[in-house]
4 protein chains.
Amino acid sequence: MTESEQQAEKSKRLPRAVREKQILDAAVTVFARHGYHPASMDEVSEVAGVSKPMIYSYLGSKEDLFLQCIRREANRLIEAVRTGIDVDVAADMQLWTGLRAFYGFVAEHRASWTVLHQQALAVGEKFAAEVTALRSHAIEMVTKLVVSEGSRKGLGEQAEFSGEGLSAALVGAAEALADWWLDHPDLSPGVLASWLMNLTWLGFNDLVQGQVWRPS
Amino acid sequence: MTESEQQAEKSKRLPRAVREKQILDAAVTVFARHGYHPASMDEVSEVAGVSKPMIYSYLGSKEDLFLQCIRREANRLIEAVRTGIDVDVAADMQLWTGLRAFYGFVAEHRASWTVLHQQALAVGEKFAAEVTALRSHAIEMVTKLVVSEGSRKGLGEQAEFSGEGLSAALVGAAEALADWWLDHPDLSPGVLASWLMNLTWLGFNDLVQGQVWRPS
Amino acid sequence: MTESEQQAEKSKRLPRAVREKQILDAAVTVFARHGYHPASMDEVSEVAGVSKPMIYSYLGSKEDLFLQCIRREANRLIEAVRTGIDVDVAADMQLWTGLRAFYGFVAEHRASWTVLHQQALAVGEKFAAEVTALRSHAIEMVTKLVVSEGSRKGLGEQAEFSGEGLSAALVGAAEALADWWLDHPDLSPGVLASWLMNLTWLGFNDLVQGQVWRPS
Amino acid sequence: MTESEQQAEKSKRLPRAVREKQILDAAVTVFARHGYHPASMDEVSEVAGVSKPMIYSYLGSKEDLFLQCIRREANRLIEAVRTGIDVDVAADMQLWTGLRAFYGFVAEHRASWTVLHQQALAVGEKFAAEVTALRSHAIEMVTKLVVSEGSRKGLGEQAEFSGEGLSAALVGAAEALADWWLDHPDLSPGVLASWLMNLTWLGFNDLVQGQVWRPS
DNA sequence: TATGAATGAGCTTTCATTCAT
DNA sequence: AATGAATGAAAGCTCATTCAT
């Protein structure tokens, strides 16, 4: 939704739930545009088409507002990825579809991703904790996939590797690639997901030997 | 260097270069502690043991100051990594030693890394550009390694993969793991580097088949 | 009446007079609790169990509301004191019973007294005038007593003393003692009245000579 | 000092102590004029001829500022009364000279008295405590006088009277008379002190019998 | 060189008050 | 009759920045 459309929606005497959505939408837009600190409540109120006292009345302080932005967007992201995963297919396919869904979300919700990834971490521990929880959630999901795949192949977990550490690196790589993508558009979510699969599932070594991973 | 040591250094009539170093050290400390916007020039001047007019006289505005922090720390990081790499060994070993040097730097310069990675990206395009340049530098180095390894094995670059994209993902994974590390200390730089090597050089697939990469 | 009882009374479609009483009761409570300026109309409406527009519709602005609080409580106080005085007894007994009635009112209506004495004077001339009128009323009553006692003893008013001035001091002493009482409970209205009688009717000089005034 | 004189003093680059005095003077003026809550820091800064950041830098928050006003004026009042008392004369004369000094102070520092007596009590417990301490100080002084006079006449303290209670009433009467005076000028401090002496030292009873207390 | 003194500008937040239903 | 929704206006406070010494 563009900002002008958001403003076009403004009218008078709307029910509280609608106003809250307007305000959160505007807040995500503005926080993504300037970052938390430089963003002014004035701009949020302007973009939302709502006076400042309404914001404070409905959503609370600037911190409260930011926190609720983060939580809403985090839940949306989780939902998008979960919906994108087919739990009945092989581990690598689950990873691939999950990644594709992730990049699909980022593509459609640039502002959400910016707020979640770039801003929330920089503002303070209180907010970073929310994002850290989100990330932990993702890491956990990936860890399960890897471990289950290992078990299927008859291998116990190798003590010298932390499944969690490897998963953290994978998730981090996925996030970093999402950021990189913001500066290099014109690639589809599927392509990005593919790269990550080849890098992490096969590894450089296999790649240079001519092997390629492809969604089956 | 601790903050008290920094303050202990304050005295009068010092040469300009010394003052500038004091100020930049203090600024990095303060920017890492609070982030760019909440950091106040008052606190910088206090930590540096230098009056505010001196800061403005020597290093310019708050933005200028931050920019110079970023640049100095970026150069230090580059230097540390370059020094850590032995260009005469195999590609995988170069990657490994480079990563180890990177994590070594992060371990020793927490504040520098925080400013570079968490703050600079969130403040504005002007600063993000500096970090992006730094990252591009890293990506370029990795790309060379991968491509040369591929050539050595007689393979041309495969069209469907962007060596740059893969490298971006690897670099991103390395950065993400550095962040993750901040919350999970008690691991040596070598261990982290090892994880990344196994994840990206071998890939999950090899790992679950029992293969392990080890520095030769 | 406790606050919860006040709220329990809230319901719909009550006659105007009842609503106005609810509102004034709540207002006195809230103004006594926080003082005029920090008190918010929101809190008044909440305590009264009545929406803000009703308050404005029935009793006007915040100033109007406060004014009506003051007037109602002032009239209550006057009524309580007048009822407590037996006009057929001697002057000193009238004074004593009047004082006792005054302290009885203060004991039972803490909030009223706080609003009348501490808040109304501090807010502005418009409100102070109401309290000043109340006080003048009291001074006048006391003056009559003193003058009539003087006449009974065959003495004209002595030019060098203003009966009004002396009465003002007595009334002031009575008020001050009421305030002091708020911080030193556990004394009965009769005891306080007794002190004042001994101080002002007899005077320190008589007291130190062993004389004591007692209600006859 | 008039407000215009205060402003006339404004100039640039003054030492901190001078600025602090300017600001406190202005604050007392403004707090007396409007009361604590309606008084704005903008007006204080305007009257002081100093920008708001200086006020916050030197004196702290609005509450801090108010507190320091109260404390400064309380100390001034105490000093004025102490200086006015000759401790080598009889008890009644000490009381009289003390009262005269008190009214002299009030006459010369109207704003100080208004802030101390009308505003500080109404704003909140934190401030009222300061004034209560001041009043306790006065009560204590009076109590000593009365008790010493009783001892001199060979009488022990009478159990049924609290010397403190009587003194509180006297002090309250003195304060009340000061307030009353603000609305009835054209009387000298000596006259007011005289009234109080006759009321409390002799008492109504003696007065109506034709006795009069006069400074010896 | 070095700094205490000083401020313009802007931010978050709150409140008395009213409209539209 | 009664109220949830809405806001203009203003207050307290802070900060990057500079001047005068």
Side-chain angles (χ1 to χ4, degrees), chain A residues 10-20 37-45 49-58 60-65, chain B residues 10-16 19 37-45 49-58 60-66, chain C residues 10-16 19 37-45 49-58 60-66, chain D residues 10-20 37-45 49-58 60-65:
Chain A
K10 104 174 154 187
S11 71
K12 297 195 171 177
R13 219 63 31 169
L14 293 180
R16 174 166 182 150
V18 175
R19 285 289 191 222
E20 287 190 351
H37 282 290
S40 78
M41 296 299 269
D42 269 311
E43 186 170 352
V44 173
S45 96
V50 160
S51 69
K52 270 189 297 179
M54 294 262 54
I55 301 179
Y56 282 90
S57 168
Y58 285 170
S61 71
K62 190 182 184 183
E63 282 203 351
D64 293 338
L65 180 60
Chain B
K10 95 176 157 188
S11 69
K12 299 199 171 179
R13 305 278 151 176
L14 293 180
R16 172 160 186 154
R19 284 280 193 229
H37 273 103
S40 76
M41 296 298 270
D42 271 309
E43 186 171 353
V44 173
S45 97
V50 162
S51 71
K52 276 190 294 180
M54 296 271 2
I55 299 179
Y56 281 89
S57 164
Y58 281 172
S61 70
K62 190 182 184 184
E63 283 202 350
D64 293 338
L65 178 60
F66 191 54
Chain C
K10 97 176 157 186
S11 71
K12 299 199 170 180
R13 305 279 153 176
L14 293 180
R16 173 160 184 155
R19 284 279 193 231
H37 272 102
S40 76
M41 296 298 272
D42 270 311
E43 186 173 351
V44 173
S45 97
V50 161
S51 71
K52 274 190 295 178
M54 296 266 13
I55 299 179
Y56 281 89
S57 163
Y58 282 171
S61 72
K62 190 183 185 184
E63 284 203 348
D64 294 338
L65 178 60
F66 190 54
Chain D
K10 102 176 155 186
S11 71
K12 299 195 172 179
R13 220 62 34 169
L14 294 179
R16 175 166 182 153
V18 175
R19 285 289 191 223
E20 288 190 351
H37 282 289
S40 78
M41 297 298 270
D42 270 311
E43 185 171 353
V44 173
S45 96
V50 160
S51 69
K52 268 189 299 179
M54 293 260 57
I55 300 180
Y56 282 90
S57 167
Y58 284 171
S61 70
K62 190 182 184 184
E63 283 203 349
D64 293 338
L65 179 61

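Everything numeric here is computed off the predicted structure, so don't read it as measured data. Convention: sequence-line order gives letters A, B, ...; per-chain numbering from 1.
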Could you encode protein contacts along nucleotides 8-15 of chain F as a string, one character per nucleotide from 5' to 3', using B for base contact, S for sugar-phosphate-only contact and - for no contact, with a heavy-atom cut-off of under 4.0 Å?
-> B---SBBB
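- The minimum heavy-atom distance between B:Ser51 and B:Ser45, with the atom names listed, is C-CB, 4.2 Å.
- Partners of B:Lys52 according to the side chain to side chain donor-acceptor pair (under 3.5 Å) rule, which considers only residues two or more places apart in sequence or in another chain, are B:Asp42.
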Could you write out DNA chain E as a dot-bracket string, with dots for unpaired bases, | for bases paired across to another strand, and Watson-Crick or G-U pairs counted at under 3.5 Å?
-> .||||||||||||||||||||
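- Across all their heavy atoms, D:His37 and D:Lys62 have their closest contact at O-NZ, 3.2 Å.
- Rounded to whole Å, the distance from CD1 on A:Ile55 to C1' on E:dC11 is 14 Å.
- Look at CZ on D:Arg13: it is 12 Å from P on E:dG4, rounded to the nearest Å.
- In this structure, A:Met54 atom CE and E:dC19 atom C1' are separated by 13 Å, rounded to whole Å.
- In this structure, OH of A:Tyr58 is placed 10 Å from P of F:dG4, rounded to the nearest angstrom.
- Remark: B:Arg19 is not in phosphate contact with E:dT1, judged by side-chain N or O atoms under 4.0 Å from OP1 or OP2.
- The structure places CE of D:Met54 at 7.5 Å from CZ of D:Arg16, a figure rounded to the nearest 0.5 Å.
- Using a 4.0 Å heavy-atom distance criterion, A:Arg16 is classed as a sugar-phosphate-only contact.
- Of all heavy-atom pairs between D:Arg19 and D:Tyr58, the closest is CB-CE1, 3.6 Å.
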